[in-house]
Number of protein chains: 2
Amino acid sequence: MSKIQHRNLYREVADRTRELIEHGELTPGERISEKQLCETFGVSRTPLREALKVLASEGLVELLPNRGARVMQLTVKMVKDTYDLMGALEGLSGELACQQISDEGIIAICQLHEQMLEHYRKREMQPYFEVNRQIHESILAAANNEVLEEMYNNLSYRVKRVRYSKKMTEAFWRQAVNDHEMMIVALKARDGKRLGQILRDHLCHKLEVVTLAGVIEDDELINAANG
Amino acid sequence: MSKIQHRNLYREVADRTRELIEHGELTPGERISEKQLCETFGVSRTPLREALKVLASEGLVELLPNRGARVMQLTVKMVKDTYDLMGALEGLSGELACQQISDEGIIAICQLHEQMLEHYRKREMQPYFEVNRQIHESILAAANNEVLEEMYNNLSYRVKRVRYSKKMTEAFWRQAVNDHEMMIVALKARDGKRLGQILRDHLCHKLEVVTLAGVIEDDELINAANG
DNA sequence: AAAAGGTATTATGAATTCAAAATTCCGACA
DNA sequence: TGTCGGAATTTTGAATTCATAATACCTTTT
């Protein structure tokens, strides 16, 4: 028996608009026409405008007074900054997780790790990414810090548009798997400091993939590549 | 010539409601009557409701579907979680600041530090807090990471209601000043790792002040003490 | 007297309406 | 041909109105 969810219209609209942005149906910098979005969702302007305010405070859209909403433009610097921040948060989650996780929790993550290795061996990229995501999510959950979780998820939403699977070379992939091997060792040893450091480095490696190892400039706009 | 700010009504309302919460005119857990707030601000419900949505996504109020808004209740665990997070962010800001700050920037912070010491010697608590805030703000600014800055400010807003000046004993104060001495040494040496660690520990000490060294329970509500 | 049920009132959710700002369009003029 | 200015249109900002859910109140029944 699932709980009845009184979902307000503005939440629904916010979620669906987030998806539109994530999937590139609303491209970065594009002006969002209230009227048009209202028609596509079949709602009036009131809940739509409320949703836009929420998305703005989440950093996904930009509200220009009397000039409407725009999908937030991502610059390379913003992505770097966000990754630095997410690195710190992942680091913290690793430290906290080591303190709080149960033995069963560690076993569960190890099993996910084995699954992930299997996908790596078979070069199944999408399943690999999915299990990878689950591992990071499990560590975050084990940290038992809802504020951290909320903030991390918000940040990851901002950079979700930046897909890096196409730029994921064999070398980078190998590095990522290597990072994960070390993570498991640290987690089993409940070495929080170490796990935290590995997670931070791991995210730096991801950033390298995204920014093509620093070939492009800080203020350059990220073009939304949908992988 | 100051820039003309086209401040939307909903922003104004959000700011003023934030202040009401901060100053305890709206107490934690208290139900927010839309009609009443509309009357005090002299605006219609539309901008007020938009403001409430923003405050909700900032974590300052709670929106219960069809049951209106409540000022978010802070539990001890939430404050602990938030401080853990802010510790990680301060740590990051310290590391980044050491990499990016100019020599002039370091000098400016040292001067603030001297001012703060002077206030400490004279036991001028409010001026001490103000200069203290400026120092942390300067380090945060020197980190040159807008996303970090935004997130940190949001978190600090959530726990602003928790005033600790009344619980600030001589021993804690001495500890805080000691932390700051070490910070300056690390900053001058541009030792990012060390500065980061000191900032994290520094925030842990603050947390101890807030939670009275763990005398109260996790799920206990924080009573808003306005210092 | 206490509990249950139904009606009245109030508060919230969302659409509509009105006002004001921005944009577009078009003609006048250099 | 290009650009400047102003009216017409569109778009956003905010108030109002309408619909519906929650709450309060009162009656009825045991």
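Just so it is clear, the model here is predicted, and its values are computed rather than measured. Lettering follows sequence order; numbering is per chain, from 1. When reading the values below, keep in mind they use all heavy atoms of this one structure, side chains included, and skip hydrogens, waters and symmetry mates.
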Could you give the [atom1]-to-[atom2] distance, from [X] to [N], as a whole number of Å?
X: A:Asn8; N: D:dT20; atom1: CG; atom2: C1'; answer: 13 Å
X: B:Gln36; N: C:dA11; atom1: CD; atom2: C1'; answer: 13 Å
X: A:Glu34; N: C:dA14; atom1: CD; atom2: C1'; answer: 15 Å
X: B:Leu64; N: D:dA21; atom1: CG; atom2: P; answer: 17 Å
X: B:Leu63; N: C:dA14; atom1: CG; atom2: P; answer: 12 Å
X: B:Glu50; N: C:dA15; atom1: CD; atom2: P; answer: 14 Å
X: B:Arg49; N: C:dA14; atom1: CZ; atom2: C1'; answer: 8 Å
X: B:Lys35; N: D:dT23; atom1: NZ; atom2: C1'; answer: 14 Å

Inspect the contact between [Y] and [X] and indicate whether a charged nitrogen and a carboxylate oxygen are less than 4.0 angstrom apart.
X: A:Lys77; Y: A:Asp81; answer: yes
X: B:Glu30; Y: B:Arg70; answer: no
X: B:Glu95; Y: A:Arg200; answer: yes

Checking side-chain polar atoms at under 3.5 Å, does B:Asp201 have a donor or acceptor matched by the opposite partner on B:His205? no
Would you check if there is a donor-acceptor pair between the side chains of A:His136 and A:Glu90 at a distance under 3.5 Å? yes
Hey, what's the ring geometry for B:His180 with B:His113, parallel, tilted or perpendicular (30° and 60° as the breaks)? parallel
Would you call the rings of B:Trp173 and B:Tyr128 parallel, tilted or perpendicular if under 30° counts as parallel and over 60° as perpendicular? perpendicular
Write out a two-atom table: protein N or O, nucleotide N or O from nucleotides 16-19 of chain D, distance below 3.5 Å.
residue	atom	partner	partner atom	Å
D:dT16	O4	B:Thr46	OG1	3.4

*Which part of the nucleic acid does A:Ile32 contact within heavy-atom distance under 4.0 Å: base, sugar-phosphate only, or nothing?*
sugar-phosphate
Protein-nucleotides 23-25 of chain C N/O pairs under 3.5 Å:
residue	atom	partner	partner atom	Å
C:dT23	OP1	A:Arg67	NH2	3.4

**Stepwise salt bridge (charged side-chain N to carboxylate O under 4.0 Å, His left out) check, B:Glu130 with B:Arg133** = CA-CA 5 Å; B:Glu130 172 55 20; B:Arg133 194 191 57 71; 2.9 Å; yes
Per atom distances to the B:Leu9 side chain, the nearest of C:dA15, C:dA11, D:dA15 is D:dA15
Self-check item: cation_pi(A:Arg16, A:Phe41) dist<6.0 Å, angle<=45
Solution: no
